[in-house]
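All values below come from the heavy atoms of this structure, side chains included, with hydrogens, waters and symmetry mates left out.
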Amino acid sequence: MVILAAVGEQHDQEAIIETGLDLAEAYDDDLRVLHVIPEDEAESHFESVRSIDQFSDTSFSIEIERAEDIAERLVEMALGDVPATITPAGRIGDPTEEILDDAASVGPRYIVIGGRKRSPTGKALFGSVTQSVILSADHPVVSVLAE
């Protein structure tokens, strides 16, 4: 089995990775650390890269590699290295949809995701990836709240 830890840039990523690793070790599972680049950000970066003559034939797979690289660097920041039981992964698209799609493809024991405390009004007005994943996931979700 696998534990899926979804990481971004806005919450305490170290805590998410450490919680995912704790669960993976407790259940003798592997840990998959997923970073999703929102599609609008990826497209603007992709278009700026393709405007350079030497990169005009660049494929979208480079953006996925960039997302994987971010996941790997976040693991390194949290743990110092990337153990063999951890797989960095990257996706491009709507974060909620991509997290849920990744979970559907790997069948994790748990999804570990970050969050922050918000008022009921804030939740109603703005929504959140964490809230959407919790409400839509077919797997148990562990939410790690930022300090």
Hey, what do you get for NE2 (H139) to CG (L100), rounding to the nearest 0.5 Å?
-> 9.0 Å
Value for CD (E72) from OG1 (T87), rounded to nearest 0.5 Å, stands at 10.5 Å
Would V2 and V133 show up in the same hydrophobic cluster when neighbours are defined by side-chain heavy atoms closer than 4.5 Å?
-> no
Return the minimal non-hydrogen interatomic distance between V36 and G93, and the atom names on each side.
-> CG1-O, 3.6 Å
If you measure from CD1 on I113 to CD on Q131, what distance do you get to the nearest 0.5 Å?
-> 11.0 Å
For E97, all residues meeting side chain to side chain contact (heavy atoms under 4.5 Å, CB included), sequence neighbours excluded = D94
On a heavy-atom basis, the closest approach of V144 and A15 is CG1-CB, 3.6 Å
Is the side chain of S132 donor-acceptor paired with the backbone N or O of T96 at a distance under 3.5 Å, no angle test?
-> no
Kindly compute the distance separating CD (E76) from CD1 (I17), expressed to the nearest 0.5 Å.
-> 10.0 Å
Once you round to the nearest 0.5 Å, how far does CD1 of I134 lie from CD1 of I111?
-> 10.0 Å
Mind checking whether I64 and V75 sit in one hydrophobic cluster, side chains of I, L, V, M, F, W, Y counted as touching below 4.5 Å?
-> yes
Of all heavy-atom pairs between L4 and I99, which one has the smallest distance, and what is that distance?
-> CD2-O, 4.0 Å
ring-ring contact (aromatic ring centres under 6.0 Å, His included): pairs with one or both residues in residues 65-113, sequence neighbours excluded = Y27-Y110
Spell out, yes or no, whether V142 and V7 are grouped together once hydrophobic residues are joined by side-chain heavy atoms under 4.5 Å, including indirect joins.
-> yes
Around D28, counting heavy atoms of other residues, nucleotides and ligands shown, do more than 12 lie under 6.0 Å from its CG?
-> no
With hydrophobic residues grouped by side-chain heavy-atom distances under 4.5 Å, do V82 and L74 end up in a single group?
-> yes
Would you say the side-chain atoms of Q13 pair up with the backbone N or O of G8, donor to acceptor, closer than 3.5 Å?
-> yes
For S143 against T130, the heavy-atom pair lying closest together | OG-CG2, 3.8 Å
side-chain contact (heavy atoms from CB on, under 4.5 Å) partner of L23, the single match among V112, L31, D29 = V112
Not counting sequence neighbours, which residues clear salt bridge (Lys or Arg N to Asp or Glu O under 4.0 Å) with D102? List them please.
-> R32, R91
Starting at CE of M1, measure out to CG of D30 and round the result to the nearest 0.5 Å.
-> 11.0 Å
For L34 and E98, which heavy atoms make the closest approach, and how far apart are they?
-> CD2-O, 4.2 Å
Closest heavy-atom pair and its distance - G90, A67 = CA-CB, 3.5 Å
